Amino acid sequence: MSKITLPARIENLRRLVQFVSGCARHQGYSESRTNEIELAAEEALVNICRYAYPGGEGDIALRCRRSGRDRIIIEIEDSGIPFDPLSASEPDLRPDIARRAAGGLGIFLIRKMVNEVHYRRDVNKNILTFIVSPERRPLDARKEHARSTQGRKSA
Amino acid sequence: MEVACRKEKNTVIVSVKGRMDAVCTTNFEMILDEQIASGETRFIIDFGGLEYISSAGLQCILTTAKKLEPRQGDLVLAALKGTVKEVFEISGFNSIFTISESVDSALAVA
């Protein structure tokens, strides 16, 4: 298992994202799959940098480990205010520039890019777990919903 | 991310290279704001050299489009490829913007 801990600041975003992409490349993932995983990581990390520690400072801890033949488990941990990103409502995807809201796309993209995503609150920590495979899973909305609901119950 | 602007046929072609993530979108927005403030309303964004975009990048494009709308402006996104193209499709951004295969084909209809 490899890990890195850095202060939750936007200027550390690149280093944190590179840590995740380094893990994916190390496992022999393709450049395009690595890009997708980087994207999911960035979305989660930016949320933590912006919202986890209002008025204060704290860390982000990243842990990557291999699971089975070719899966990678990525854990993103902060000690900020309790926040389950999976409880966020679906973003506004209306095809209308004027009316479409700008935010809310981050968690939507995470769900599309990783094979599984789970959240748990562990004592005073938020832990978001991505499980990724060398291929992006064909999208199955029903299964995804069941998984996220299950994740919330156990959190 | 590198951002370069040039003008052809009353249209500003903005070429972006590298990564459009939460760290660098301010730069892009600043450059586009300057162009809009100087009276430009027709833009083609050339994504040919862009390797990566996150939701921060998408939001930045959307913000620019919203600024252009009351000015009857025009924003065409050209030469999307790879993961960048995929992100546009997944987020539905390909249906709210005019997408062109290349800068040349975007200019042909400009």
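Worth saying up front: this structure is predicted, and the values here are computed from it rather than measured. Below, chain A is the first sequence line, B the second, and so on; all start at residue 1.
Using a 4.5 Å cut-off on side-chain heavy atoms (C-beta onward), A:M113 and B:E86 make contact.
Within 6.0 Å of CD on B:E89 lie more than 12 heavy atoms contributed by other residues, nucleotides or ligands. Residue A:E11 qualifies as enclosed at atom CD: its count of foreign heavy atoms under 6.0 Å is above 12.
Smallest separation of non-hydrogen atoms from A:L39 and B:S54: CD1-CA, 3.2 Å. The two atoms that bring A:F108 and B:I90 nearest to each other are CE2-O, 3.4 Å, heavy atoms only. In plain terms, the two heavy atoms of B:A56 and A:E42 that are nearest each other are CB-OE2, 4.5 Å.
Only the backbone of B:E51 comes within less than 4.5 Å of a heavy atom of chain A; no side-chain atom from C-beta onward does. With a 4.5 Å cut-off on non-hydrogen atoms, A:E38 touches chain B through its backbone and its side chain both. Residue B:L58 touches chain A through its side chain alone, counting heavy-atom pairs closer than 4.5 Å.
Scanning residues 74-85 of chain B against chain A with a 4.5 Å heavy-atom cutoff picks out B:T83, ordered by number.
With respect to chain B, the highest number of heavy-atom pairs below 4.5 Å among A:R14, A:R33, A:E36 belongs to A:R14.
Residue A:L105 holds its CG atom at 8.5 Å from CG of B:L62, rounded to the nearest 0.5 Å.
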